[in-house]
Amino acid sequence: ERTIASPGVFVDDGAVVHDSILMHGSVVGPRAIIRKAIIDKNVMVPAGVQIGVNREHDIERGFTISDEGVVVVSKGAKIAP
């Protein structure tokens, strides 16, 4: 919902993406949840991973979070399941 996905983006079954931007080559695995995020090029979001759901966890993973609460995952980032 309310998401912009570039060409070459794949969102797997059961994944939920809200208020986000997914750049070229991004892959969102099954049951992943992405909220209010910008996922840069060639990022693989593994199955079941949540981004934009728990601010503290996003900070621990080294993601940038804007003052407005937008989580930014940088190009080619490796996200642990």
Side-chain angles (χ1 to χ4, degrees):
E1 293 184 14
R2 299 179 303 274
T3 294
I4 297 170
S6 296
V9 168
F10 179 76
V11 179
D12 213 325
D13 290 335
V16 177
V17 183
H18 291 281
D19 302 316
S20 298
I21 298 172
L22 305 174
M23 303 302 283
H24 181 80
S26 299
V27 175
V28 181
R31 301 173 318 285
I33 298 173
I34 299 174
R35 293 192 178 130
K36 204 171 177 184
I38 299 171
I39 308 298
D40 208 341
K41 294 178 182 179
N42 302 317
V43 172
M44 168 56 180
V45 179
V49 166
Q50 297 182 356
I51 297 172
V53 176
N54 181 319
R55 182 180 178 88
E56 290 75 28
H57 188 65
D58 289 339
I59 291 169
E60 288 172 5
R61 292 188 284 189
F63 300 151
T64 301
I65 304 176
S66 74
D67 292 339
E68 293 78 24
V70 177
V71 179
V72 179
V73 180
S74 59
K75 180 169 55 173
K78 305 295 182 211
I79 302 172

Throw together a table of side-chain donor-acceptor distances under 3.5 angstrom for residues 46-57, partners on residues two or more places apart or in other chains.
residue	atom	partner	partner atom	Å
Asn54	OD1	Glu56	N	3.1
Asn54	OD1	His57	N	3.0

Go through the steps to decide whether Thr3 and Ile34 satisfy the test side-chain contact (heavy atoms from CB on, under 4.5 Å), and finish with yes or no.
CA-CA 10 Å; Thr3 294; Ile34 299 174; over 6 Å; no
Using distance only, find each side-chain donor-acceptor pair of residues 68-80 under 3.5 Å and give its atom names and separation, not counting sequence neighbours.
residue	atom	partner	partner atom	Å
Glu68	OE1	Ser66	OG	3.4

Identify, with sequence neighbours excluded, every residue that meets salt bridge (charged side-chain N to carboxylate O under 4.0 Å, His left out) alongside Asp19.
Arg2
Going by the rule side-chain contact (heavy atoms from CB on, under 4.5 Å), which residues pair with Asn42 if we only count those two or more places apart in sequence or in a different chain?
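side-chain contact (heavy atoms from CB on, under 4.5 Å) list for Asn42, sorted by chain: empty.
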If two hydrophobic side chains count as joined below 4.5 Å and joins carry through other members, does Val45 share a cluster with Val11?
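Shared cluster, yes.
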Nearest non-hydrogen partners of His24 and Pro7, listed with the distance:
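Looks like ND1-O, 2.6 Å.
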How many angstroms lie between atom CD1 of Ile38 and atom CZ of Phe63, to the nearest 0.5 angstrom?
13.0 Å
Pairs of donor and acceptor atoms involving the side chains of residues 26-33, under 3.5 Å and at least two apart or interchain, shall be tabulated with distances.
residue	atom	partner	partner atom	Å
Ser26	OG	Met23	O	2.7
Ser26	OG	Asp40	O	3.1

